[in-house]
Amino acid sequence: MAKKQKKALKEKIIIDAEGTGRVPTGIPGFDGLVEGGFPRGKIILLSGTPGTCKTIFGLQYLYNGAKLFGEKGMMVTLEENVDALKSQAKRFGWDFDELEKEGLIEFVRLVPGSIKIMTAQELSALAQRKKVKRLVVDSLSSIAINAPMLPIESGTTMKDINVLRFIYTFISDLRLLDGSFTTLLLSQTQGEELSRDGVSEFVADGLVYIKYEPVGGEYSRYLIIRKMRETKHNEDIHPMEIMDEGIKLHSMK
């Protein structure tokens, strides 16, 4: 990206004297839909069916944060190993090895079988120690599938209740250091559901939903912002294009 473009993008950040405000994704066509970026310090759910490029969105959010704005990011991955993520990123010209050397990115490989009740609190504490400003968890669906059993009322054995309670607790625990970092939780969906766990879309501060419809035409992926607390957000459907430089949003108009 040219220096003039970087400077122009940086000038779009809206931050007051106390460090609150907006966290721009740097994704072309997105930040203007949410008053300049995600509300700082909040938890955003990015959900969609498989193949909607949620991981690419998360990587682009972290890369732009580090490269354009000097904000340290952390990627917590359960879906893919770290080398696979870096390889995927390089297809768009994003060199995460370089950012690691500069201390601007951290990768954490979370083994699904290691999920426990305190995992979210441990991730929050780690992000604070590392002075992380942007956190991406890929994915909340894997965490839900591997949720440990919580104590439940006598006679209640439904796994669904356990998953609901664990995901609710997991997201709540990420708020323990509210304001320290802005979190993007990736989640797969089934059909028209907004999340696989059925509760994260209500608990999260924002919900960005991507849909894939391979039915011809110029675009097959569409993005809509279903909610964004403390933000006047655009409610239109926006075609999403995967380009050589990453994701770009278009207007239906």
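Please read all numbers here as calculations on a predicted model, not as lab measurements.
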**OP:** Provide the full list of ring-ring contact (aromatic ring centres under 6.0 Å, His included) pairs with a residue in residues 101-148, sequence neighbours left out, each pair given once.
**Re:** Phe96-Phe107

Subject >> Contact list for residues 107-120, test side-chain hydrogen bond (donor to acceptor under 3.5 Å, both in side chains), sequence neighbours left out >> reply: Lys116-Glu122

**OP:** Just jot down the side-chain contact (heavy atoms from CB on, under 4.5 Å) partners of Ile237, sequence neighbours excluded, or say none.
**Re:** Tyr222, Ile224

Subject >> Non-neighbouring partners of Phe92 that pass ring pair (Phe, Tyr, Trp, His ring centres under 6.0 Å), sequence neighbours left out >> reply: Trp94

**OP:** Using side-chain contact (heavy atoms from CB on, under 4.5 Å) as the criterion, point out the one residue from Ile43, Ile143, Leu140 that pairs with Ser200.
**Re:** Leu140

Subject >> Set of side-chain hydrogen bond (donor to acceptor under 3.5 Å, both in side chains) partners for Ser47, sequence neighbours left out >> reply: none

Original post:
Residues in side-chain hydrogen bond (donor to acceptor under 3.5 Å, both in side chains) with Gln188, at least two apart?
Top reply: none

Subject >> Results of ring pair (Phe, Tyr, Trp, His ring centres under 6.0 Å) for Phe38 - residues two or more places apart only >> reply: Phe30, Tyr61

**OP:** Enumerate the residue pairs fulfilling salt bridge (Lys or Arg N to Asp or Glu O under 4.0 Å) with a member in residues 72-85, sequence neighbours excluded, ordered by first and then second residue.
**Re:** Lys72-Glu106

Original post:
Residues in side-chain hydrogen bond (donor to acceptor under 3.5 Å, both in side chains) with Thr77, at least two apart?
Top reply: none

Original post:
What pairs with Thr183 under side-chain hydrogen bond (donor to acceptor under 3.5 Å, both in side chains), at least two apart in sequence or on another chain?
Top reply: none

**OP:** Give a yes or no on whether a salt bridge exists between Arg40 and Glu230, defined as a side-chain N under 4.0 angstrom from a carboxylate O.
**Re:** no

Subject >> Sequence neighbours excluded, every pair satisfying salt bridge (Lys or Arg N to Asp or Glu O under 4.0 Å) that has a member inside residues 220-229 >> reply: Asp205-Arg229

Original post:
Under the ring-ring contact (aromatic ring centres under 6.0 Å, His included) rule, what pairs show up with a residue in residues 228-252, not counting sequence neighbours?
Top reply: Tyr219-His250

